[in-house]
Number of protein chains: 2
Amino acid sequence: MRKPGYHHGDLESALLQGAVDRVRLVGAEKVSLRAIAGDLGVSPSAAYHHFPDKDALLTAAGFAAIDKLADQQELALSMISVIGVDGALARFRALGRSYVDFALNEPHLFRLAFGEHCVIPDAIDSEAPTRAWTILTAALDELVNEGLLKFEFRQKSEILVWSAVHGVATLILEGKLPPEAADDLFDSLAHMLGLDHE
Amino acid sequence: MRKPGYHHGDLESALLQGAVDRVRLVGAEKVSLRAIAGDLGVSPSAAYHHFPDKDALLTAAGFAAIDKLADQQELALSMISVIGVDGALARFRALGRSYVDFALNEPHLFRLAFGEHCVIPDAIDSEAPTRAWTILTAALDELVNEGLLKFEFRQKSEILVWSAVHGVATLILEGKLPPEAADDLFDSLAHMLGLDHE
DNA sequence: ATCGATATCTTTACACTGTATAGATATTTT
DNA sequence: AAAATATCTATACAGTGTAAAGATATCGAT
């Protein structure tokens, strides 16, 4: 588990962590494999025994970033219930906020997670829904169960909601929309889905 | 205008065009300044008299890509009226389709256009609306004029529509949603905006 | 416990990158 | 025509990803 000299012990996860850290700071385009290796006191070629190449390491870091987003979303949900604010609508809104906040607070991780590095062919058809997706659908189910969202709208609103939230997050992040656009969008979504009749 | 030897004549725009071409083929991350210069029969350092560095050239290429998207959208609008299909709703839908199609047909240009390279600070507050944005707002105005979209919804639907269409385009592009999601989204949008009551 | 096989890491090396500097050549200005 | 300037080349350097071969530690079987 530690590094007694020649062998590192757990270089693979150390490399992954190092990649995430450096991407977080300077962005995926500017991370150097040699720098990550240097941080760990390891030779430049050492990584190749654990990852086929630099891209593969960045891809792994990207999936770790997706997981961090999901963590953030679950944390936001738990915060909501601790604060005392209740109701599916509040939880739904908190979910959107945490998504946008993650994009703005961790721009480099967000770009990596939803960028070309993490495109997995046939990942759609496979029955491996990403955690973020699961969390969203669960929130929509809640809305239906509480009678706030008509069952009729349920199916198609999955795509609409995720697309809209993801879109506004990236457009704000890349300077195409002002930060206030996020709350405006949440208002629109709530209104259009008929969630604000209470 | 041509290249009589030492001086190229119009190297700046030639570099820009070369950058767009190469990004289109292999993606921004894999284009090399030297390769672009080589294509033009010019030394590796020549570019530095026209662009401060490689990033600046790629940024310029990115804005060219945004313009290509706007071209595509206008072309789609003109196609619609030639075909004979009329009505603001059809035009609105064609706009969304062309946006998604551009993302899927030119993934590398799309990523560059809406990526970190083209973030212009304070571009939001300035009165320099991008062409794509202008086209969208014009389409929404049409919908209002034809009585299809309530004036009350007009303002906030700008953000909602652009976010949703941009979001679904990127999520499909990066393998997070299946291609059919685009049409589903258009249906939802039309329905939620109350555009399908005819 | 020893010996061989294997996994892990280092060393060296190579082709390639962006770009700084200085010099050459063409164009423009006076 | 001469001087000033814009444009391009040549050379050079530090940094990159990674292939190849050698060193060292760990593991499995005897």
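First the proteins, then the strands, lettered A, B, ... as listed; each starts at 1.
Residue His50(A) places at least one side-chain N or O closer than 4.0 Å to OP1 or OP2 of dC9(C).
We find that CG of Leu11(A) is positioned 14 Å from P of dT26(D), with the value rounded to whole Å. A straight line from CD of Glu12(B) to P of dT7(D) spans 9 Å, rounded to a whole angstrom. The distance between atom NZ of Lys30(A) and atom P of dT19(C), rounded to the nearest whole Å, is 10 Å. As a whole-Å value, the separation of Arg22(B) CZ from dT17(C) C1' is 14 Å. Between the C1' atom of dG18(C) and the CD atom of Glu29(A) lies a distance of 14 Å, rounded to the nearest Å. What separates CG of Asp10(A) from P of dA7(C) is a distance of 17 Å, to the nearest Å. Taking atom NE2 on His49(B) and atom P on dT19(C), their separation rounds to 14 Å, with Å as the unit. Computed from coordinates, the Leu57(B) CG to dT17(C) P distance equals 15 Å when rounded to whole Å.
Residues Met192(B) and Ser188(A) are not in side-chain contact: their nearest non-hydrogen atoms beyond the backbone lie 4.5 Å or more apart.
For the side-chain hydrogen bond (donor to acceptor under 3.5 Å, both in side chains) condition, no pair includes a residue of residues 42-61 of chain B, sequence neighbours left out.
Residues meeting the salt bridge (Lys or Arg N to Asp or Glu O under 4.0 Å) test with Glu142(B), sequence neighbours left out: Arg91(B).
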Can you give me the N/O atom pairs linking the protein to nucleotides 14-18 of chain D at distances under 3.5 Å, or say none if there are none?
from, atom 1, to, atom 2, distance (Å)
dT16(D), OP1, Ser32(A), OG, 3.2
dG17(D), OP1, Leu33(A), N, 2.8
dG17(D), OP1, Lys54(A), NZ, 3.1
dG17(D), OP2, Leu33(A), N, 3.2
dG17(D), OP2, Arg34(A), N, 3.3
dG17(D), N7, Arg34(A), NH1, 2.4
dG17(D), O6, Arg34(A), NH1, 2.9
dT18(D), OP2, Tyr48(A), OH, 2.6
dT18(D), OP2, Lys54(A), N, 2.9
dT18(D), O5', Tyr48(A), OH, 2.8
dT18(D), O4, Arg34(A), NH1, 3.1

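Between the side chains of Ser13(A) and Asp10(A), at least one donor N or O sits under 3.5 Å from an acceptor N or O. For the residue pair Ser98(A) / Gln73(A), a side-chain donor-acceptor distance below 3.5 Å is found, with atom types taken as modelled.
Between Lys68(B) and Glu106(B) there is no salt bridge, since no side-chain nitrogen of the basic residue lies less than 4.0 Å from a carboxylate oxygen of the acidic one.
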